[in-house]
Amino acid sequence: MSCMPVVQFPTEMAQCALFIEGTPAGTLDKPEVELLLQKSTLSSFGRGEKTVTDPAYRSGREIPATNIGFGELEDGGSRYSWKLESWRRSVVETMFPGRQVTLKLYKLVIYEAGGHFDWHMDSTHSDSHHATLLVGLNTSWKGGDFILRRNGVETRADLRPQRTHSYLAPDLQAIAFYTDMEHRVEPVTEGVRIVLQYDIEVVTGTEKEMAEEDFGDYDWPLDVVSTTYSGRTKYLGVVQATADKTAVEEVIDTIKRLHTSGVGEVGFALQHLSRKASIRTEFLKGSDAYLYDRLVRCGAFNVTLRPVVLVESGDDKETSERFAYLFGDYNYDDDDQDRKESRNYEKPSRFHIPKLSAIEKISSQDYIEHTGNESMLTKYRYFGGGMFVRPRLSS
Ligand SMILES: O=C(O)CCC(=O)C(=O)O
Ligand SMILES: [Fe+2]
């Protein structure tokens, strides 16, 4: 098992003060609901390249990050920054081991009775934005469960504060998930549901080196992740959909066998979707990151990542076969710079992709129509990637 696509964790009630446009609006454990409602605007969402409002699809209100401030009620220390750092660590340990990540507040969302948000993947706000963190504030509501879906497996999460012991104050609930996880918010039937939403960004290159100098080394080896995670997760369905060690060893053996039998290159689809520009080793997630790591570490392979496109062989959904081709090789405008630069890269043959693959998902009309919080320019849309494995020539 490796880095997890979703993690839920409790976080102690924080008494840090909340400000909206500079006006005190209570604390995270006692927000001024009326004021928050007053300061909020109707939420829209992305429908392809357009941003629209449609209460049948999404009904809710929001306050953008630029209008939100945090402070301390009590003297000493910086409670909000401590909270933020503890959330960040929880996310790194479980979802991005060995990476440096930052949390950026995106907005505060409010759902009153009737409020809901139908299935979507979150729109991404930069090439390094790879996951979302939600923290439910201490208000009371009924309904409004948060449902995640991956490979057809649905998991339910409740962001209402929860008590671990009758004599303790309830904990706030946080949940983080990769942006390409489909999710929805069920209708709230009573009360008001208020959630802080953060973009989780993966820091790379020189930015990363600077951050490491500042904060020391927070990197955790992949193998501790399963231990860290097992105490926390309820998401068995999702866990099973990620790679396990045995499966990875089998994949390695199979690739070696294919290479020995004369196959020059073995290609397969990445499990996780991202922007085309984010199909890079430093942004690999979940089982993709784990598998890549194993393939490279075993020393026998050269591994490349490429954007791929899905092509179906026939009109009939049941009998047609799905193949992936390198982006640019199949009736596509050949303006992809990466590809031009890799002219000496020999074309791999097309490869099969399984029925439930993520790449198939983004080809569906449903996905094209719903792109999260806002519209997505075509170049920023979710894209499928492929991992291509050649034998490493021994010198
Ligand atoms: O309110 C929530 O739990 C999350 C809402 C959501 O999915 C979104 O705003 O993208
Ligand atoms: Fe979302």
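Counting convention: from 1, in listed order, for ligands and their atoms alike. Starting from 1, each residue takes its place in the sequence as its number.
- Separation of the Trp141 and Tyr111 ring centroids does not fall under the 6.0 Å cut-off.
- Between Arg193, His116, Glu186, Gln197, it is Arg193 that holds the heavy atom closest to atom 2 (C) of ligand 1.
- Contact annotation: for His120 versus ligand 1, heavy atoms closer than 4.0 Å belong to the side chain alone.
- Here Phe146 pairs with Phe177, His183 under the ring pair (Phe, Tyr, Trp, His ring centres under 6.0 Å) rule; sequence neighbours left out.
- Between Arg184 and Glu186, at least one side-chain N (NZ, or NE/NH1/NH2) sits under 4.0 Å from a carboxylate O, which counts as a salt bridge.
- Ionic pairing of Glu85 and Arg89 is present here: one or more N-O contacts between side-chain nitrogen and carboxylate oxygen are shorter than 4.0 angstrom.
- Inspection of the environment of the Fe ion (ligand 2) yields the following protein N, O or S atoms under 2.8 Å: His120 NE2, Asp122 OD1, His183 NE2.
- Ring-centre distance between Phe45 and Tyr57: below the 6.0 Å cut-off.
- In terms of protein heavy atoms, atom 4 (C) of ligand 1 is closest to Leu134 CD1, 3.7 Å.
- Interface atoms of ligand 1 facing Asp122, defined by a heavy-atom separation under 4.0 Å, are 10 (O).
- Residue contact check: His183 has heavy atoms under 4.0 Å from atoms 7 (O) of ligand 1.
- Every atom of ligand 1 is numbered from 1 in the order shown, and the set under 4.0 Å from a heavy atom of Val109 is 1 (O).
- Screening residues 128-141 for salt bridge (Lys or Arg N to Asp or Glu O under 4.0 Å), with sequence neighbours left out, gives no hits.
- Look at Glu282 and Arg99 and you find no salt bridge, because none of the NZ, NE, NH1 or NH2 atoms lies under 4.0 Å from a carboxylate O.
- Under the 6.0 Å cut-off for aromatic ring centres, His125 and Tyr106 qualify, their centroids lying closer than that.
- Ranking protein heavy atoms by distance to atom 6 (C) of ligand 1, first place goes to Phe117 CD1, 3.7 Å.
- Taking the ring axis of Phe117 as reference, the NZ or CZ atom of Arg58 stays within 45° of it and closer than 6.0 Å to the ring centre.
- In this structure, Tyr198 contributes its side chain and Leu84 its backbone to no donor-acceptor pair below 3.5 Å.
- The residue Thr132 has no part lying near ligand 1, judged by heavy-atom distances below 4.0 Å.
- Scanning Phe146, Tyr111, Phe45 for the heavy atom closest to atom 5 (C) of ligand 1 points to Tyr111.
- In the vicinity of Val185, heavy-atom distances shorter than 4.0 Å reach the ligand 1 atoms 1 (O), 2 (C), 3 (O), 4 (C), 5 (C).
- The CZ atom of Arg275 sits 13.5 Å away from the CZ atom of Phe383 when rounded to the nearest 0.5 Å.
- Ligand-side atoms of ligand 1 in range of Arg58: 9 (O), range being under 4.0 angstrom from any heavy atom.
- When the side chain to side chain donor-acceptor pair (under 3.5 Å) test is applied to Asp54, the partners found at least two apart in sequence or on another chain are Arg47.
- Summary of contacts: the protein heavy atom closest to atom 8 (C) of ligand 1 is Asn373 ND2, 3.3 Å.
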